[in-house]
Amino acid sequence: MSALDQISWVVTGYAVLVALVAGWSAYRWRRRPPWLDSMAWMLELLLAVRAVAGLGSLLQGHEPDQESTHLIYLLASVCIVPLALRSVQGDDGPWSLGVIAVAAIAVAAISVRMVMTL
Amino acid sequence: MEPVAVTDPAPPATSRSGAHQILLLVYALFTLSAGARAVVQLVTKADEAPVAYSLSLLAALTYALGWVAIRRASEGHTAFASRMLWVELAGVLTVGTLSLLVRDWFPDASVWSDYGIDYGFVPVVLPVAGLLWLRAQDPERRAGAATAFRVVAFAEALSWLGLLTGMFFKYVVDAGEQGVHVFGPIHGTVFLTYLVVTLVTWRVQRWSLLVCLLALAASVPPFCTIAFEEWARRSGRLQ
């Protein structure tokens, strides 16, 4: 397993964790705690590391199985979490937890697809 | 970390906060992913499956319009959404059925192929969830969830009938797999829709957890959803 795949699997696991925490809090109908945003930004950090490592490997001449698809996943992966956090800025209602959970699930799906298209 | 912040009761819902926030994010994600997918495929290999790729682009357009529709509906203008979501549902069902019947048009998958199987059937669940949300917006139509549950419970049993007929022809009569190929994905879609609608009904009708689990379990053996619906209606749990 390559180092890139390993980062992707760590991202997937952590994204699922974020989704579970957010989903559970939404189910209990809580306000969004500030540390959940920190968890989401941690996820974004991991995704940025994965994107930089992925772009580096592309620039060094490594060719993924499905190059254009893989590149789009790489770029899209770093946009989702900021987009979601931006859309619930200043709103800590229970539904905003659902937004974070959906964003984390999307990120998990994308990083699995990244492994498949590498 | 402030433990107090976690246990605070939720604030009353404002017009800004609500289920539409989740819908908007999902519509935005699907607009981007379907659009990017369609454009890449049309630019790099349009000859391979022109119909499928064009339908993907159409799906992306539908999601963009759906996003606008949900946004307008969350501000109180529900007219556009009440048409657009039905158009979207019809689109998913039409393309999904075409992809099963006219396989020549789909050498490669489209976004709505097999009712969106590549996306975990979210494409077919999404307009249903949107329509349920739209109904909840309108207090006079709160019975919408009960009606939706009864329709989907019936459809679930019907799709079981189709699948069992297909299995009968495949295994007993040995007349080929055609029936299973057609009814398998249909049953899968209706089954997932039933699960979603059940969860919504559970919240709207204030069922206990036990009743909710019973409703979910009823989808596993054939035709039990009808029995559950009958019992729920008689015991006043679907009003």
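From a predicted model like this one, the values you see are computed outputs, not experimental measurements. By convention in this document, chain letters (A, B, ...) are assigned in the order of the sequence lines, proteins followed by strands, and residues within each chain are numbered from 1.
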[atom1]/[X] to [atom2]/[Y] distance, rounded to the nearest 0.5 angstrom?
| X | Y | atom1 | atom2 | value |
| --- | --- | --- | --- | --- |
| B/D118 | A/R113 | CG | CZ | 7.5 Å |
| B/Q41 | A/T69 | CD | OG1 | 7.0 Å |
| A/C79 | B/L29 | SG | CG | 10.5 Å |

Those residues of residues 31-40 of chain B that come under 4.5 Å of chain A on a heavy-atom basis, listed by number, are B/A36, B/V40
Can you confirm whether more than 12 heavy atoms, excluding those of [X], are under 6.0 Å from its [atom1] atom?
| X | atom1 | result |
| --- | --- | --- |
| B/W207 | CH2 | yes |
| B/E75 | CD | yes |
| B/W86 | CH2 | no |

Heavy-atom contact with chain B under 4.5 Å, split by part of A/A103:
both
For A/V102 against B/V26, the heavy-atom pair lying closest together:
CG1-CG2, 3.6 Å
Show the nearest heavy-atom pair for residues B/S17 and A/G93, with the distance to one decimal.
OG-CA, 4.3 Å
Neighbours of chain B found in residues 80-89 of chain A - heavy atoms under 4.5 Å:
A/I80, A/L83, A/A84, A/S87, A/V88, A/Q89
Counting only heavy atoms closer than 4.5 Å, note whether B/I22 contacts chain A via side chain, backbone, both or neither.
both
